[in-house]
J.: 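My questions will all concern the structure given below.
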Amino acid sequence: LDHQVPLQFRGYRVRAGTAETSGLRATPILTSGGAAPVAVAVPDFWQNFPRAIEGTDTPDGTDGRDARHAGRLVVRFLPRQSADLHELQGGEQKTHVCVIAAGADPVTALALDWCRNPLVAVPDPAWTFAAGAVPWLAPDEPGHAALIGSAIAGPDTFVHKREVVDEYGWRHFGDIYGDHEAIRHQGPDPLVSHYNNQYDPVAGFLYQYLRSGDPRWWSMADELAAHVIDIDVYHTTRDKSAYNHGMFWHTYHYGDADTSTHRTYPVASRGITHGGGPSPDHNYTTGLMLHYLLTGDEASRETVLGLARYVVDVDDGGKTVFRWLSRAPTGLATASGSYAYHGPGRGPANAVNALLDGHRLSGDPAFLAKAEALIARVAHPEEPIERLKLDEPEHRWFYLMFFQSLGKYLWWKAVIGQRDERYAYARATLLHYARWMADHEYPYLDRPEKLEFPTETWAAHEARKSDVFAMAAQHAGGDERARFVERSRFFFRYAVDTLGGMATRTLARPVIVLLSSGLVLPWLEAHPDAAAPPPERTPASFGVKPVFVPQKQIAMRRAKRLAAGAALAGLAAAAALVWSLWVCCG
């Protein structure tokens, strides 16, 4: 809290006897001598500073050290040489990796030299496209590819962004500098904003890795996945159910991270914004699911399942202080931007998506059942859409995320062969909203008066509309399908061309949005006859959408009734006391 940097020096030091050398960055390998050498290497050694490696090589201890320590190699992940306290904040963990070779290393002439630049297996993109394990993957359109390609090539890559704010160290390495938050910042030092996994760049990096075969996408995905699993996920059961095992989101808008490290609300935000903790609105799992499927890393799988369970727990009225008055769902899994809004939005979008990923990795039917309950809560195939005010982008743009997730739900239900009434409901809902969109949606920047900040990100979000239309087209036919495809192309072209003409096109947020959006149209154009299977049976009507009332609202009403009843009971008791006194004393 005192803004003091505890590191004693910059870079690295190497000491051997009385000699000392230094520099800025190093990935050391330490090897013991003798007939049976032992070598140790620490991948990403300096990136996860502070770290230390020590070695004593003389068998008799004549190097001045205790002979009991002779011939030892010691790796220190949180080293005693640093003056830092290495504070693990509540819910944090840190995974370190080192590689040990006992005996000769047959891989490289210098033992463990391969650890400095390990080989990366790259699947043939054509094979990945044909497999269909990742929906809607196809070769990218050149304009879209150029925009997202700025993340790995050119003067403003995500690696360059790291250097601006020194996004390194054991807590921060792998995270993304949210440079879009610094556009309005004034001052000699850069504003520091940790972007964590907002809009799931882990998934975006892996989509592009699979599409292109370029290993640069893989390294960013792997590094960010490690950071998210250890630091961004709240590994605790000792907070409230609205936070336990959730995911922290980015630094609050246009604020400096100050002393908050990666957490949502920095100390400096006091008096500006209040709150903190993980949020269902910011619960991104697909990248970690893909990371597990590509690596078999159990930490990635368990994190996805934990985030899926978080959705169930955060909506469970039995886990809150109001449970004595109501066991109804809390509504936290479906609230977006306001606890009063439970329509299509970012909250249910990420909740449904996390539950689908959890179901894919576990087969647990409870995850799929919960996803279907949330879908039915927030959207209906026959509801009057006008009352949701979706034409107010500042408050409702995120409805597009929900329908991207709904399209994924329909894809997954078809994959597992469940074309049941819930499938029919979701399909009819997607088509109902797509028809409204075709009549009413427009590029947001065409009406800048409706936007607080008409930034480049609004152009990127148009790609989400393209995805929704392309998904809906697969469930439509004839003229309606043609219209949806035309609308998908229009918004895709608008997003690519408009953003491509902006000087701020390489900022983190718009690039990250496009990493995972704008994928469906290129796939549909590569498969022009592709159609989703119809439901096995479609009801004549889906009835009326029930009005959802959150647990807290129910509990407060009941508390008021109990209080009123207690007051009446108190008046009755007082009247009885007065009557008894009058009888006794009158």
J.: Would Thr320 and Lys240 count as having a side-chain donor-acceptor pair, cut-off 3.5 Å?
T.: no
J.: Below 4.0 angstrom, N of the basic side chain to O of the carboxylate: do Arg377 and Glu372 qualify?
T.: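 Glu372 and Arg377: not salt-bridged.
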J.: Let me confirm one number: the CG-CD1 distance from Leu224 to Ile176, rounded to the nearest 0.5 Å.
T.: 5.0 Å
J.: Applying side-chain hydrogen bond (donor to acceptor under 3.5 Å, both in side chains) to Thr236 and Asn244, what does each step give before you reach the verdict?
T.: CA-CA 6 Å; Thr236 187; Asn244 290 338; 4.7 Å; no
J.: Checking Glu382 against His432: is there a side-chain donor and acceptor pair closer than 3.5 Å?
T.: no
J.: If you count heavy atoms of other groups shown closer than 6.0 angstrom to NZ of Lys450, is the number above 12?
T.: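 Buried by this count: over 12 neighbours within 6.0 Å.
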J.: A side-chain contact here means heavy atoms from C-beta on lying under 4.5 Å apart; do Val352 and Val311 qualify?
T.: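 No, every pair of side-chain atoms sits at 4.5 Å or beyond.
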J.: Do the non-hydrogen side-chain atoms of Arg483 and Glu480 ever get within less than 4.5 Å of each other?
T.: no
J.: Do we see a donor-acceptor contact under 3.5 Å between the side chains of Ser336 and Arg346?
T.: no
J.: Once rounded to the nearest 0.5 Å, what's the spacing between atom CZ of Phe129 and atom CG of Leu137?
T.: 6.5 Å
J.: Is there side-chain contact between Leu305 and Asp364, with heavy atoms separated by less than 4.5 Å?
T.: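 Not in contact.
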J.: Does NZ or CZ of Arg489 fall inside the cone over Phe484's six-membered ring, less than 6.0 Å from its centre and within 45° of the axis?
T.: no
J.: Strictly below 4.0 Å, N to O, side chains only: are Arg309 and Asp313 in salt-bridge contact?
T.: no
J.: When you check the side-chain N and O atoms of His160 and Asp156, is any donor under 3.5 Å from an acceptor?
T.: no
J.: Do Asn350 and Asn353 pair up side chain to side chain, a donor and an acceptor below 3.5 Å, judged on atom types alone?
T.: no
J.: Will you find, in the side chains of Asp214 and Tyr209, an N or O donor that is under 3.5 Å from an N or O acceptor?
T.: no
J.: Please test Phe398 against Phe403 for ring pair (Phe, Tyr, Trp, His ring centres under 6.0 Å), starting from the C-alpha separation and ending with a verdict.
T.: CA-CA 9 Å; Phe398 42 56; Phe403 287 101; over 10 Å; no
J.: Find out whether Lys161 and Val159 are in side-chain contact, i.e. whether some heavy atom of one side chain is under 4.5 Å from a heavy atom of the other.
T.: no
J.: Hey, what's the ring geometry for Trp458 with Tyr444, parallel, tilted or perpendicular (30° and 60° as the breaks)?
T.: perpendicular
J.: Between the side chain of Arg211 and the main-chain N/O of Ala138, is any donor-acceptor distance below 3.5 Å?
T.: yes
J.: Looking at Asp420 and Lys413, does any basic side-chain N land under 4.0 Å from a carboxylate oxygen?
T.: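 Salt bridge between Asp420 and Lys413, a charged N being under 4.0 Å from a carboxylate O: yes.
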J.: Once you round to the nearest 0.5 Å, how far does OG of Ser362 lie from CZ of Phe367?
T.: 5.0 Å
J.: Between Thr498 and Glu462, do the side chains contain a donor N or O and an acceptor N or O under 3.5 Å apart?
T.: no
J.: If you take the centroid of each ring, where Trp contributes its six-membered ring, are Phe248 and His194 closer together than 6.0 Å?
T.: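 No.
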J.: Checking the side chain of Thr295 only, and the main-chain atoms of His291 only, is there a donor and an acceptor separated by less than 3.5 Å?
T.: yes
J.: Name the orientation class of the two ring planes belonging to Phe491 and Phe469 (parallel below 30°, tilted from 30 to 60°, perpendicular beyond 60°).
T.: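 Judged by the thresholds at 30° and 60°, the geometry between Phe491 and Phe469 is parallel.
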J.: Decide yes or no for Leu206 and Trp218: does some side-chain heavy atom of the first lie under 4.5 Å from some side-chain heavy atom of the second?
T.: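 The answer is yes, as the side chains (C-beta and beyond) meet within the 4.5 Å cut-off.
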J.: State the CG-NZ distance between Leu332 and Lys552, to the nearest 0.5 angstrom.
T.: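 These two atoms lie 9.5 Å from each other.
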J.: Is there a donor-acceptor contact under 3.5 Å linking the side chains of Asp232 and His227?
T.: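 Looking only at side-chain atoms, His227 and Asp232 do form a donor-acceptor pair, the distance falling under 3.5 Å.
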J.: If only atom types and distance count, is the side chain of Lys545 paired as donor or acceptor with the main-chain N or O of Val378 below 3.5 Å?
T.: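 Yes, the answer is positive, given that a donor and an acceptor are paired below the 3.5 Å cut-off.
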J.: Do Glu456 and Thr504 have a side chain donor and acceptor closer than 3.5 Å?
T.: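 The criterion, which ignores hydrogens and geometry beyond distance, is satisfied for Thr504 and Glu456.
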J.: Kindly check if the number of other-residue, nucleotide or ligand heavy atoms within 6.0 Å of CG (Asp124) is above 12?
T.: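 Yes - once you tally the heavy atoms of other residues, nucleotides and ligands closer than 6.0 Å, there are more than 12.
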J.: I need the Arg360 CZ to Tyr292 OH distance, nearest 0.5 Å.
T.: 11.5 Å
J.: State, without any angle test, whether Glu383 and Tyr433 hold a side-chain donor-acceptor pair at a distance under 3.5 Å.
T.: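 A pair is found: one side chain offers a donor N or O, the other an acceptor, under 3.5 Å apart.
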J.: Mind checking the CG-NE2 spacing from Leu521 to His144? Nearest 0.5 Å is all I need.
T.: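 Going from the CG atom of Leu521 to the NE2 atom of His144 covers 10.0 Å.
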J.: Report yes if the side chains of Gln553 and Val549 come closer than 4.5 Å at any heavy-atom pair, otherwise no.
T.: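 Yes, close enough: below the 4.5 Å cut-off.
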J.: Please check if the distance between the ring centroids of Tyr195 and His250 is under 6.0 Å.
T.: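 Yes.
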J.: Give the C-alpha distance, both sets of side-chain angles, the deciding distance and a yes or no for salt bridge (charged side-chain N to carboxylate O under 4.0 Å, His left out) between Arg493 and Glu141.
T.: CA-CA 10 Å; Arg493 280 264 59 88; Glu141 185 272 344; 3.2 Å; yes
J.: State, with a plain yes or no, whether a side-chain heavy atom of Tyr199 is found less than 4.5 Å away from one of Met401.
T.: yes
J.: A cation-pi test, strictly: NZ or CZ of Arg487 under 6.0 Å from the centre of the six-membered ring of Phe490 and no more than 45 degrees from its axis. Yes or no?
T.: yes
J.: Are Tyr252 and Ser193 side-chain neighbours, meaning at least one heavy-atom pair lies under 4.5 Å?
T.: no
J.: With a 4.0 Å cut-off, would you call Asp175 and Arg162 a salt bridge?
T.: no
